[in-house]
Amino acid sequence: MSGREHGPGEADLAWCHEAVQGVSRTFALTVDVLEEPMASQICVGYLLCRVADTVEDAGHIPPEAQSDVLRTYRRAIDPDDETEIGAFREAVDEWLPAERDDDWTVVAEAPTIAATFEELDPEAQEAIVPPVLEMVDGMAMFVDRHATEGGLRIDDRDELEQYCYYAAGTVGNLITNLLTRGDVAEERADRLRETAEEFGLLLQLVNVSKDVYDDYTEENNVYLPAEWLEAEGVEQERVVHPENRESSARVVDRTADYARSFLDDAQAYLETMPLSNGNTMEAWTVPYLLAVGTLRELGSRPEDALTETGVKVSRQEVFAVMSAASDVGRDSLAELRQTIARTPFHRAVGSAD
């Protein structure tokens with residue numbers, strides 16, 4: 001990866017931290033409660049992933065151009081390739097919206113992110129690059145595979161898991177690469193590697209379950225598997241149509257159930273991670289517990305995932321979870337999970353006072 005052509009002033013760690021706040025509420029919460037150097041390493045690594053994710057989600061870019069842009073990005077961040085990050089910036093320029101939201105601002109500022117990445121210590125760079133390259137490869141492959149459909153149309157459970165792996169399992173591996181540097185016992189490192197992908201899969205499957213309406217209407221992507229929808233008599237192109245509300249909701253329910261199958265491994269991942277290099281338990285407990293809360297909400301009203309209403313936990317619950325997570329230990333995670341699976345956490349805390 002090279003941002004050298006943009007000069008030393010391009011590196012801007014403060015900008016990267018600010019950018020994360022705009023593109024992901026959940027990941028911003030994580031970065032905020034990590035300590036250095038992990039906070040900046042995770043922040044910059046996540047932004048590298050987010051650039052690819054935004055391009056892959058872009059419904060306005062024709063698939064062939066989308067694939068080309070992604071592969072140019074891949075070459076630009078591969079340390080063994082001479083392609084400059086400026087080549088990606090030029091390739092994506094014609095597809096940048098006239099009015100950029102936070103996601104597209106991050107894409108436009110890829111040279112800043114690349115230059116900031118090069119300021120990280122070499123060991124962190126080596127931990128971050130392979131999972132990012134794997135993510136970009138996977139996204140380009142999915143764009144090619146579904147090129148004739150104009151958007152992603154997931155066929156079955158296996159393809160859903162494969163997509164979620166590239167979108168988020170790779171991020172789990174990135175986190176793990178950073179966590180397993182230094183003096184970490186081999187047994188612990190192995191346990192982390194065994195459950196890292198599941199941690200990512202859980203979070204991504206929760207997103208797939210709750211964001212059906214936005215994914216289809218804004219990005220022309222349908223992640224609910226065609227096979228599951230067909231079993232309910234629903235075509236993917238009519239997944240959010242009012243007449244299919246009840247049938248599609250059963251598939252949302254099924255997808256959320258699939259997400260729940262990764263809860264135990266994700267919990268084991270959290271209970272195993274070392275608290276070194278600036279890592280904190282709180283940073284990863286918050287997204288995990290919010291996923292548990294979202295699954296609870298999905299269980300009670302899956303049909304909301306098919307409308308503008310959407311499914312999410314309340315701000316009160318987010319704040320209550322954040323407050324509790326600041327004191328969480330490995331031994332209390334299971335109990336917190338059980339409580340949140342039953343009832344909104346701010347109410348549980350309120351009734352216990």
Side-chain angles (χ1 to χ4, degrees), residues 1 20 24 26-27 30-31 34 37-54 56 70 73-74 77-80 113-114 117 120-142 158-208 259 261-281 283-288 291:
M1 182 189 304
V20 166
S24 173
T26 304
F27 228 90
T30 291
V31 171
L34 286 168
M38 189 70 73
S40 291
Q41 292 164 358
I42 290 289
C43 171
V44 176
Y46 177 75
L47 288 177
L48 288 173
C49 295
R50 191 74 185 204
V51 171
D53 192 43
T54 300
E56 186 255 347
L70 283 168
Y73 182 61
R74 193 237 191 262
I77 58 176
D78 184 349
D80 298 326
I113 300 165
F117 172 81
L120 301 180
D121 75 69
E123 195 179 42
Q125 292 182 37
E126 288 173 17
I128 290 168
V129 167
V132 178
L133 294 181
E134 189 178 15
M135 169 188 276
V136 180
D137 283 340
M139 289 184 168
M141 179 187 74
F142 266 88
D158 288 346
E159 190 180 27
L160 175 60
E161 183 170 330
Q162 185 185 38
Y163 176 79
C164 290
Y165 169 73
Y166 284 118
T170 51
V171 179
N173 288 335
L174 185 159
I175 296 162
T176 304
N177 287 352
L178 289 169
L179 290 177
T180 52
R181 293 170 298 158
D183 189 22
V184 178
E186 195 56 40
E187 186 178 347
R188 173 180 268 195
D190 287 345
R191 184 70 177 129
L192 283 168
R193 293 187 192 107
E194 286 166 8
T195 52
E197 292 170 18
E198 284 73 11
F199 180 66
L201 287 171
L202 166 69
L203 300 185
Q204 188 65 24
L205 282 165
V206 170
N207 287 340
V208 164
S261 72
F262 295 99
L263 281 166
D264 289 345
D265 278 343
Q267 181 178 316
Y269 182 75
L270 296 177
E271 291 170 341
T272 307
M273 59 168 48
L275 305 180
S276 54
N277 293 314
N279 187 43
T280 66
M281 189 79 176
W284 309 107
T285 298
V286 169
Y288 175 75

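From Leu178, atom CG reaches atom CG of Asn173 across 11.0 Å, with rounding to the nearest 0.5 Å. Between Asp78 atom CG and Arg74 atom CZ the span is 5.0 Å, to the nearest 0.5 Å. Asp264 contributes atom CG, which lies 11.5 Å from atom OG1 of Thr195 (distance to the nearest 0.5 angstrom). Taken from OH in Tyr163 to CD in Gln204, the straight-line distance is 6.0 Å, to the nearest 0.5 Å. Of the inter-residue distances, the one linking Thr272 atom OG1 with Glu194 atom CD reads 9.0 Å to the nearest 0.5 angstrom. With values rounded to the nearest 0.5 angstrom, Met135 atom CE is found 11.0 Å from Leu70 atom CG.
For the residue pair Ala268 and Arg191, the shortest heavy atom distance occurs at CB-NH2, 3.4 Å. Of all heavy-atom pairs spanning Ala266 and Leu202, the tightest one is CB-CD2, 3.7 Å. What you find for Ala291 and Leu203 is that their closest heavy atoms are CB-CD2, 3.9 Å. Closest heavy-atom contact between Met38 and Leu34: CG-CD2, 3.9 Å. Nearest approach of Val184 to Ala189, heavy atoms of both residues: CG1-N, 4.1 Å. Counting all heavy atoms, side chain and backbone alike, Thr176 lies closest to Ala196 at OG1-CB, 3.0 Å.
With contacts defined as side-chain heavy-atom distances shorter than 4.5 Å, the pair Leu133/Ile77 qualifies. At least one side-chain heavy atom of Ile128 sits less than 4.5 Å from a side-chain heavy atom of Leu120. Side-chain atoms of Leu205 and Leu160, non-hydrogen and from C-beta on, do get closer than 4.5 Å to each other. Side chains of Glu56 and Asp53 form a contact here, defined as non-hydrogen atoms less than 4.5 Å apart. Contact annotation: the side chain of Phe199 never approaches that of Asp265 to less than 4.5 Å [non-hydrogen atoms, C-beta and beyond]. Two residues are said to be in side-chain contact when any heavy atoms from C-beta on lie closer than 4.5 Å; Glu134 and Tyr165 meet this criterion. Side-chain atoms of Pro274 and Leu192, non-hydrogen and from C-beta on, do get closer than 4.5 Å to each other.
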Residues 41-49, side-chain donor-acceptor partners within the protein, below 3.5 Å, at least two apart:
{"residue": "Gln41", "atom": "OE1", "partner": "Arg181", "partner atom": "NH2", "Å": "3.0"}
{"residue": "Gln41", "atom": "NE2", "partner": "Asp121", "partner atom": "OD2", "Å": "3.3"}
{"residue": "Tyr46", "atom": "OH", "partner": "Arg50", "partner atom": "NH1", "Å": "2.6"}

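Of the possible polar contacts, one joining the Tyr288 side chain to the Leu263 backbone as a donor-acceptor pair under 3.5 Å is found.
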inquiry  = Could you walk me through whether Leu179 and Tyr269 satisfy the side-chain contact (heavy atoms from CB on, under 4.5 Å) test, starting with their C-alpha distance in whole Å, then the side-chain angles of each, then the deciding distance to 0.1 Å, before giving a yes or no?
reply    = CA-CA 11 Å; Leu179 290 177; Tyr269 182 75; 3.7 Å; yes
side-chain contact (heavy atoms from CB on, under 4.5 Å) assessment of Leu174 paired with Val132 = CA-CA 8 Å; Leu174 185 159; Val132 178; 3.8 Å; yes
